[in-house]
Amino acid sequence: MAIQAFYTGISGLQNSSLGIDVISNNIANINTVGYRGYTTEFSSMFEDAIKTGTVSGGSIGSGVQVQTTSMMRDQGTLALSDRSTDLAILGEGWFGVAGEGDPLYTRDGSFGFDSNSDLVTSDGFYVLGTKGNNISDDNILTAKIDEITLGEVTTQERLRFPKTLTYPAEATTQSKFLGNIGVGYEPITMSAAVVDSLGNRNQLRLEFIKDPTQIAPGSQYTVTATTQTLDGETVSDTQVGRVEFDETGALSLNTLGNINNNGADMAIDLGIGFDGITSIDLPLVSASSISDGTIGGDLVGYSINRNAEVIATFTNGEQSSVGKIAVYHFQNEQGLDRVNGTRFSASSNSGDALFRQDANGNNINGTEVVNFSLESSNIELSYGLTELIILQRSYDANSKSITTADEMMQKALSMGA
């Protein structure tokens, strides 16, 4: 009996010590961003049933063993940050990072752009994702993209972007006017900002002059359109047309055609009916215009939005997504192998990394990514200390059982003498 107590106590010491190591590591990483704690599960090695007559009296074990150490998947609290490149995942999912070997997976979203405009971790690992392929070899944005669709898991790459990037100018092709020119005989002018093919911002000016002789019902005007520089010193083109309104003031006829804007052909839209220019006996208000086209711009910098899109911002106020950070998922997250504090590798137990898909079969992150935030460790100090006290008492109890067994053997030996 004493020998069995020795084995039971020794196994208890060994496994309690392992449990203390696990909890101690959790407590040591309580301030580590993205840390996932582990918990130790124990089981009995052997048990002999005790029977009293026909009634079971319980069992006597022969020690314990560590059944497994399992990952704690609770969500860590979010800590606010002052950088859009600091990210936190709400719910399941892992960021992918890469050095020289196979990808690693982490909940630590402490990312930033290095001197080469690579999106990296604080220790230089590259963040993985899908590029938008909308940047030419000479660093010109070729398409404005709001959201990028993730590629396949095996095609994810390092998110590397140019240090300089140009947003190309887009000439105005149409300018629409809305407003009331009234019913008086004084000339009425309207203007719109337009862009030529060189990216220069110009002015499109309209002047409405009521015909001296009016033909009822309705009213008739001559409209003169002029494209010129903002200072008015250089005129590109002038076009003259006629507009007519019915008795209600709705536009019924417009003969004003296109106009040249320093080499770019541009349509002038005055609307139809009450959708555009009107002639109503009401107080005049400021007219408005809607024009397409964009002046060129240079890169201001890169940031990350809540959809995990890498956004390029330009001096002309335009923005475009140029990449998307990937969020990976696994069939069994607890099967991931810990490489170091916050990084894991895939294993046969976890299965290969995969992406979630929407109803159309497109790859998506499948979880919410929060910018300007970091996920704290999912270990609470109170929990860690409580578990540590329990395991320490278990260690002391097993140590006491060994001491007691030793005393029993000493007495047995002395009695035999």
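Fair warning: this is a prediction, and the values are worked out from it, not measured in the lab. Throughout, residue positions are numbered sequentially from 1 according to the sequence presented.
Between Phe208 and Met190, the closest side-chain pair of non-hydrogen atoms falls below 4.5 Å. Within the 4.5 Å cutoff, side-chain heavy atoms of Asn378 are placed close to those of Arg36. You'll find the side chain of Asp211 reaches within 4.5 Å of the side chain of Arg242, heavy atoms only. Residues Leu282 and Asn180 form a side-chain contact, since some pair of their non-hydrogen atoms from C-beta on lies under 4.5 Å apart.
Looking at every heavy atom in both residues, Val195 comes nearest to Asn261 through O-ND2, 3.0 Å.
Residues Asp237 and Asn260 have side chains that never bring a donor and an acceptor to within less than 3.5 angstrom of each other. Using modelled atom types and a 3.5 Å distance limit, the side chains of Thr121 and Asp123 yield a donor-acceptor pair. Between Thr229 and Asp231, the side chains place a donor N or O and an acceptor N or O closer than 3.5 Å (distance only, hydrogens not considered).
With respect to Arg73 and Glu92, a salt bridge is recorded, a charged nitrogen being found less than 4.0 Å from a carboxylate O.
A search for side chain to side chain contact (heavy atoms under 4.5 Å, CB included) contacts involving Gln319 returns Ile311, Thr313, not counting sequence neighbours. Applying the side chain to side chain contact (heavy atoms under 4.5 Å, CB included) test to Ala192 and every residue at least two apart in sequence or in another chain returns Ser175, Phe177, Ser289, Ser291.
Pairs engaging residues 124-144 under the salt bridge (Lys or Arg N to Asp or Glu O under 4.0 Å) rule: Lys144-Glu318 [sequence neighbours left out].
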Run the side-chain hydrogen bond (donor to acceptor under 3.5 Å, both in side chains) check on Gln220 and Glu244 step by step: do they pass? CA-CA 5 Å; Gln220 302 82 39; Glu244 296 182 0; 5.4 Å; no

